[in-house]
Number of protein chains: 2
Amino acid sequence: MSPLHHKIISISPLKQIETEALLGAMEMVSYAKNAILFDTDKVERYVYFIEKGIARAYCNTHKQQATFWFGQEGDIILSYNSYIKEKPGYEIVELLEASQLLRISHQTLQGLYSKHIGLANWGRKLAELELIKTEERFINQQFKTATERYAELIRETPTLIQRVQLTHIASYLGVSPVTLSRIRAGLK
Amino acid sequence: MSPLHHKIISISPLKQIETEALLGAMEMVSYAKNAILFDTDKVERYVYFIEKGIARAYCNTHKQQATFWFGQEGDIILSYNSYIKEKPGYEIVELLEASQLLRISHQTLQGLYSKHIGLANWGRKLAELELIKTEERFINQQFKTATERYAELIRETPTLIQRVQLTHIASYLGVSPVTLSRIRAGLK
DNA sequence: ATCATTTCTTAACATTTGTAAAGTATAAAA
DNA sequence: TTTTATACTTTACAAATGTTAAGAAATGAT
């Protein structure tokens with residue numbers, strides 16, 4: 001069992017049969033660098049877990065690409081908007097490197113949720129963990145300065161800076177590339 | 001069955017026995033105006049639904065009270081941080097009016113989740129819906145101006161402005177009270 | 001009703017951030 | 001390698017926001 005498999009099933013305690021049902025329903029897919037995984041105006045049919053690669057989610061606002069999420073190995077890629085509301089998502093997900101992803105269709109997952117109580121609680125825990133992450137990022141975004149957030153980013157995900165171009169980091173931090181340059185110059 | 005009860009059980013399809021188990025485990029509690037519902041450094045034991053009243057969640061940052069959430073009738077009050085991690089939350093929840101809340105203990109809820117698959121999926125849906133809300137607010141916060149966000153707030157929750165003082169609204173929008181005054185003056 | 005307190009607005013000034021443009025560095029392509 | 005394109009930094013200036021302080025409005029208490 002791969003580290004990714006292990007991470008997926010350790011989200012919540014599962015019975016043997018539930019583990020097999022979940023992992024058995026997943027398949028590995030490969031994408032080239034710069035591939036668009038999700039696009040706006042499409043209802044996304046799959047949930048993905050990143051085995052290898054890096055992903056970026058962004059919205060197209062007034063003439064800008066507004067980056068609001070990065071995913072690396074072990075992270076989940078999921079349009080909750082598209083998934084819950086069964087409407088086209090507002091986000092675009094792009095793969096910044098050649099990537100390998102583990103995927104499972106929403107339809108299959110729904111079937112598993114309605115059959116196995118362990119998997120229903122697994123899905124609950126998954127959503128709850130994602131919610132905490134989003135909530136923490138929201139609070140950080142609103143009440144810390146861009147300088148503090150950049151320092152945190154370096155501390156907590158130092159590899160990200162090396163793998164992602166700074167224009168995307170700037171957008172993610174909610175400042176212009178110029179301001180990010182000034183922040184970086186000031187921290188030296 | 002009250003409108004709040006109805007809203008709670010319509011989150012996800014439940015069997016009769018599940019509906020009864022969930023609603024039967026809830027109790028109504030009353031709080032005075034300005035009561036502190038959650039405090040930092042305490043692990044919160046209950047989840048609340050607002051029957052009547054209005055609530056505000058905030059963090060204490062460098063000399064500021066940073067408001068990041070308001071709840072009104074029908075909304076859920078839940079410290080996911082405290083709940084999932086079983087650690088003290090970072091947030092304080094204050095009731096801005098005399099309030100009536102429906103509550104259920106985390107412990108009871110966990111028991112229901114492990115017994116009834118319908119309730120496990122109800123809890124999943126609940127977390128997923130909260131996640132979408134948080135995600136949307138995050139994106140709004142990062143990529144819209146304070147003026148746009150204030151206009152949206154008036155459009156979508158007009159009663160909020162009347163029930164909550166503007167310093168809290170300003171904090172919620174991520175700007176100073178002075179800037180909010182300027183925004184309001186500009187929209188006339 | 002009157003007084004005291006709190007909240008909101010307005011103004012002046014300082015600071016920060018964005019925009020535009022130029023230059024430098026890096027990476028990709030021929 | 002040379003050329004081309006892209007990404008990053010720096011500068012100068014404009015626009016927006018924060019801070020402080022003062023006055024107006026609203027609220028609460030006696």
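Chain A is the first sequence line, chain B the second, and so forth, proteins listed ahead of strands; every chain is numbered from 1.
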Participant: Rounded off to whole Å, could you give me the CZ-to-P distance for the A/Arg184 and D/dC8 pair?
Facilitator: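 Computing the A/Arg184:CZ to D/dC8:P distance gives 8 Å.
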
Participant: Might you list the N or O atoms of the protein lying below 3.5 Å from N or O atoms in nucleotides 27-30 of chain C, with each pair's distance?
Facilitator:
none

Participant: Using side-chain heavy atoms (C-beta onward) and a distance below 4.5 Å, is B/Thr167 in contact with B/Gln65?
Facilitator: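 No; the side chains remain at least 4.5 Å from each other.
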
Participant: Can you check the B/Ile161 CD1 to C/dT7 C1' distance for me, whole Å?
Facilitator: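 Between C1' of C/dT7 and CD1 of B/Ile161: 15 Å.
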
Participant: Find the distance B/Leu173:CG to D/dG18:C1' and express it as a whole number of Å.
Facilitator: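 Those two atoms, CG and C1', are 16 Å apart.
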
Participant: Can you tell if the side chain of A/Met26 reaches within under 4.5 Å of the side chain of A/Phe49, non-hydrogen atoms only?
Facilitator: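 Yes, close enough: below the 4.5 Å cut-off.
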
Participant: In whole Å, what is the span from the CZ atom of B/Arg149 to the C1' atom of D/dA16?
Facilitator: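 Distance check: B/Arg149 CZ to D/dA16 C1' gives 13 Å.
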
Participant: Do B/Arg184 and B/Leu166 have side chains that get closer than 4.5 Å, going by heavy atoms?
Facilitator: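 Yes, side chains in contact.
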
Participant: Set out, line by line, the N/O atom pairs under 3.5 Å between protein and nucleotides 15-22 of chain C.
Facilitator:
| unit_1 | atom_1 | unit_2 | atom_2 | d |
| --- | --- | --- | --- | --- |
| C/dG18 | OP1 | A/Ser176 | N | 3.4 |
| C/dG18 | OP2 | A/Ser176 | N | 3.3 |
| C/dG18 | OP2 | A/Ser176 | OG | 3.0 |
| C/dG18 | OP2 | A/Thr179 | OG1 | 2.1 |
| C/dG18 | N7 | A/Arg182 | NH2 | 2.7 |
| C/dG18 | O6 | A/Arg182 | NH1 | 3.4 |

Participant: Under 3.5 Å, which N/O atoms of the protein pair with N/O atoms of nucleotides 4-7 of chain D?
Facilitator:
| unit_1 | atom_1 | unit_2 | atom_2 | d |
| --- | --- | --- | --- | --- |
| D/dA7 | OP1 | A/Gln165 | OE1 | 3.3 |
| D/dA7 | OP1 | A/Gln165 | NE2 | 3.4 |

Participant: Is atom CD of B/Gln107 surrounded by more than 12 heavy atoms (other residues, nucleotides or ligands) closer than 6.0 Å?
Facilitator: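 For B/Gln107, atom CD is not crowded (no more than 12 foreign heavy atoms under 6.0 Å).
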
Participant: Should B/Lys133 and B/Glu130 count as an ion pair when the cut-off is N to O under 4.0 Å?
Facilitator: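 A salt bridge links B/Lys133 with B/Glu130.
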
Participant: Considering residues at least two apart in sequence or located in another chain, which fulfil the ring-ring contact (aromatic ring centres under 6.0 Å, His included) criterion with B/Phe70?
Facilitator: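 Once residues adjacent in sequence are excluded, the partners of B/Phe70 under the ring-ring contact (aromatic ring centres under 6.0 Å, His included) criterion are B/Tyr172.
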
Participant: When you compare the side chains of B/Ser79 and B/Glu91, does any donor N or O come within less than 3.5 Å of an acceptor on the partner?
Facilitator: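 Yes, because at least one side-chain N or O of B/Ser79 sits under 3.5 Å from a partner of the opposite role on B/Glu91.
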
Participant: Using whole Å, what does the distance between atom C1' of nucleotide D/dG18 and atom CD of A/Gln142 come to?
Facilitator: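 To the nearest whole Å, that distance equals 16 Å.
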
Participant: Please name all residues satisfying ring-ring contact (aromatic ring centres under 6.0 Å, His included) with A/Tyr31, sequence neighbours left out, ordered by chain then number.
Facilitator: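 Residues passing ring-ring contact (aromatic ring centres under 6.0 Å, His included) with A/Tyr31: none at all.
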
Participant: When you look at B/Glu73 and B/Arg163, which way does the salt bridge (Lys or Arg N to Asp or Glu O under 4.0 Å) test go after all the steps?
Facilitator: CA-CA 12 Å; B/Glu73 284 78 8; B/Arg163 298 171 79 180; 3.0 Å; yes

Participant: Looking only at side-chain N and O atoms, does B/Asn121 offer a donor or acceptor that is under 3.5 Å from a partner on B/Arg124?
Facilitator: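 Checked: B/Arg124/B/Asn121 side chains pair up, N/O donor to acceptor below 3.5 Å.
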
Participant: Considering residues at least two apart in sequence or located in another chain, which fulfil the side-chain contact (heavy atoms from CB on, under 4.5 Å) criterion with A/Ile154?
Facilitator: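 By the side-chain contact (heavy atoms from CB on, under 4.5 Å) rule, A/Ile154 matches A/Tyr150, A/Ile161.
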
